[in-house]
2 protein chains.
Amino acid sequence: MADVGFIGTGIMGRPMAGHLQAAGHRMFLGRHRSAPPPELLEKGAVECATWAEVARRSEVVIVMVPDTPDVEAVLFAPGGVAEGLSAGKIVVDMSSISPTATRDFARRINDLGAPYLDAPVSGGEVGAKSASLTIMVGGPVSAFECVRPLFEVMGKNITHIGTANGDGQTCKVANQIVVALTIEAVAEALVFASKAGADPGKVREALLGGFAASRILDVHGKRMIERAFQPGFRIELHQKDLNLALQSARDLGVALPNTATCQELFNACRARGGGAWDHSALVRAIEVLSDYEVGAGRA
Amino acid sequence: MADVGFIGTGIMGRPMAGHLQAAGHRMFLGRHRSAPPPELLEKGAVECATWAEVARRSEVVIVMVPDTPDVEAVLFAPGGVAEGLSAGKIVVDMSSISPTATRDFARRINDLGAPYLDAPVSGGEVGAKSASLTIMVGGPVSAFECVRPLFEVMGKNITHIGTANGDGQTCKVANQIVVALTIEAVAEALVFASKAGADPGKVREALLGGFAASRILDVHGKRMIERAFQPGFRIELHQKDLNLALQSARDLGVALPNTATCQELFNACRARGGGAWDHSALVRAIEVLSDYEVGAGRA
């Protein structure tokens, strides 16, 4: 069992830290926006006054905060993790942030003698609560092997993408590209079929039996037909991820034409107050453009 | 057992007609481009001099030809199917053609007392040979039930999409939209990840374990990484299908932004001589735009 620091116990971090505590690890919690959860403190977790103290008292420091600037602050602001690090401690950033910024953060942490892993997750709140997150990891093999038992407490599909820091974040961005563009593909197909007079439910069923089959056609196709747009995964969060994709693509010199279009279609949803809709509501942008709602032709 | 007419015994039609004959149906073959296959004639299939004769001698007339104008000619040209029809015979168009033209063809056939089914397939040559085609059917329930035993000889996932003619073709178009756009999604993600320095094979593996999973990520993601672009399904054929999508969308008033982009990216492949590449080679267009080949970073 390890002494584990955990900074960021919000919607995702709270159940993740809970699983680690339940597995027997001694938890040192740092405050980021939300206060450490009472149920963890009651069971012996220690609240630290600063992020530096979290780092001083832990062997592994896990960070789970919303965005790139949050990670930078937690690591390098006065009283941040960097001030409490010493050789051999491992920093694990499980937030979803910029791959290029990650490489910079890792270098600065490595300069203090500490290995760094970027280990973003997918699976959302449901996956965090059920300990079935997909975890995509970049960083040195030795650090990965050391932290793997902790990952296994929080997730199920754990892949070491590569030894370079940023590889985990790159994989997460790739994941969010595929998810957004597949949602958009299903949206175009269902609006088309629906306005052409076909039953979108039958079309979804037929397509699931063939080469067009995907988890997104299954789950989000159903949401589009049943108009079930409560999140799930909010459009504003997916926009953050596509922003990382488009920004990194500009840095790298990569052209992502349909990712750019998807971001604009998400913008169109937000223009109608849809920032907190589930990302499957991307279909509403295609519906507005086509002046027709999926399933509108049915009795 | 029925007397079955079959017009169009090319790459797809030849094995399909073969399965029907093997199941015990008496086959009447009409010539379209390719001559009737000798192995069917040897086993008792009858070659008819005209398409009208095929219709006169059969209870069910199946048409399997390349495009909308081919179907129109087979049905309505002098000596065409329409001339040989009488009340109660069923016309089944298994070609992939325009949903709107289909409604017109069906109306003209119905005027002769014959029900019409549009029943396009997916699964390609492999599916035709192994009798595992996905078949998407539009038209009256009674005709569908009557022809279903023939469909079951040729395919596996047989869905009656709706009672209106054109519904089957609409579903096929929706299928081709989802397939093209999902290929494009995987292409953007793998070029991005690759140029960012991650191993595209590891990224594909991680994504297959999560919400981004699809048959296309599995099969075509592998093709992109292994540079296996022999068809499979040729870009020029997928362009025909996206043309149907975009043309029908114009008629219907539906906006398909990413379908339009995919068609242009296929054009870019053709500009480089890629009309006969497998459609997964769409990735090459993103690679040209990004000046980087998937997997180029690996030793």
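Per chain, numbering begins at 1; letters A, B, ... match sequence-line order.
Counting heavy-atom pairs closer than 4.5 Å to chain B, the top-ranked of the candidates A:T261, A:L252, A:T259 is A:L252. With chain A as the partner, the residue from B:C262, B:A196, B:A193 showing the most heavy-atom pairs under 4.5 Å is B:A196. With respect to chain A, the highest number of heavy-atom pairs below 4.5 Å among B:N175, B:I216, B:I286 belongs to B:N175. Heavy-atom pairs under 4.5 Å with chain A peak, among B:V179, B:I161, B:T182, B:T134, at B:I161. By number of non-hydrogen pairs under 4.5 angstrom with chain B, the leading residue of A:G162, A:A213, A:G124, A:G123 is A:A213. Most heavy-atom pairs under 4.5 Å with chain B, from the set A:V254, A:T159, A:D218, A:N157: that is A:V254. Taking A:V219, A:I158, A:L190 one by one and counting their heavy-atom pairs under 4.5 Å with chain B, the maximum is reached by A:V219. Interface check for chain B: of the options A:D291, A:V186, A:V173, A:L208, the most heavy-atom pairs under 4.5 Å are formed by A:V173. In terms of non-hydrogen atom pairs under 4.5 Å with chain B, the most contact-rich of A:L265, A:L207, A:V178, A:L217 is A:L207. Each of B:E205, B:E287, B:E188, B:M136 has some count of heavy-atom pairs under 4.5 Å with chain A, and the biggest count is that of B:E188.
Ion pairing between a basic and an acidic side chain is recognised when a charged N comes within 4.0 Å of a carboxylate O; B:E236 and B:K240 show no such pairing. Ion pairing between a basic and an acidic side chain is recognised when a charged N comes within 4.0 Å of a carboxylate O; A:D104 and A:R107 show such pairing. The pair A:R223-A:D278 counts as a salt bridge, with a side-chain nitrogen and a carboxylate oxygen less than 4.0 angstrom apart. Between B:K202 and A:D167 there is no salt bridge, since none of the side-chain N atoms of the basic residue sits less than 4.0 Å from a carboxylate O of the acidic one.
Proximity to chain B (any heavy atom under 4.5 Å) is shown, for A:S214, by both the backbone and the side chain. Both the backbone and the side chain of A:S290 come within less than 4.5 Å of a heavy atom in chain B. For B:T170, the parts lying near chain A are the backbone and the side chain together; criterion is any non-hydrogen pair under 4.5 Å. When heavy atoms are compared at a cutoff of 4.5 Å, B:S248 approaches chain A by way of both its backbone and its side chain. Of the atoms belonging to A:R204, not a single heavy atom falls under 4.5 Å from chain B. Neither the backbone nor the side chain of B:A164 has a heavy atom closer than 4.5 Å to any heavy atom of chain A. The part of A:H220 that comes within reach of chain B is its side chain, from C-beta onward, which places non-hydrogen atoms under 4.5 angstrom from that chain. Of the two parts of B:A245, only the backbone, made up of N, CA, C and O, holds a non-hydrogen atom closer than 4.5 Å to a non-hydrogen atom of chain A. For B:S122, no part lies under 4.5 angstrom from a heavy atom of chain A.
Taking the six-membered ring for Trp and thresholds of 30 and 60 degrees, A:F233 and A:H238 have ring planes more than 60 degrees apart, a perpendicular arrangement.
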> Step by step, would you call A:H279 with A:R234 a side chain to side chain contact (heavy atoms under 4.5 Å, CB included)?
Replying inline: CA-CA 6 Å; A:H279 55 168; A:R234 294 199 303 281; over 6 Å; no
>> With side chain to side chain contact (heavy atoms under 4.5 Å, CB included) as the criterion, how do B:D118 and B:V137 come out once you've worked through the C-alpha distance, each side chain's angles and the decisive distance to 0.1 Å?
In response: CA-CA 6 Å; B:D118 51 297; B:V137 190; over 6 Å; no
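The distance from the CG atom of B:L117 to the CZ atom of B:F151 is 5.5 Å, given to the nearest 0.5 Å. Within the model, atoms CG of B:N267 and CZ of B:R272 stand 13.5 Å from one another, a figure rounded to the nearest 0.5 Å.
Side-chain contact annotation: B:S132 with B:K156, donor-acceptor N/O pair under 3.5 Å absent. A donor atom on one side chain and an acceptor atom on the other are not found under 3.5 Å apart for B:Q169 and B:R103.
Cation-pi geometry between A:R284 and A:W277 is met: the NZ or CZ atom falls under 6.0 Å from the ring centre, inside 45° of the normal.
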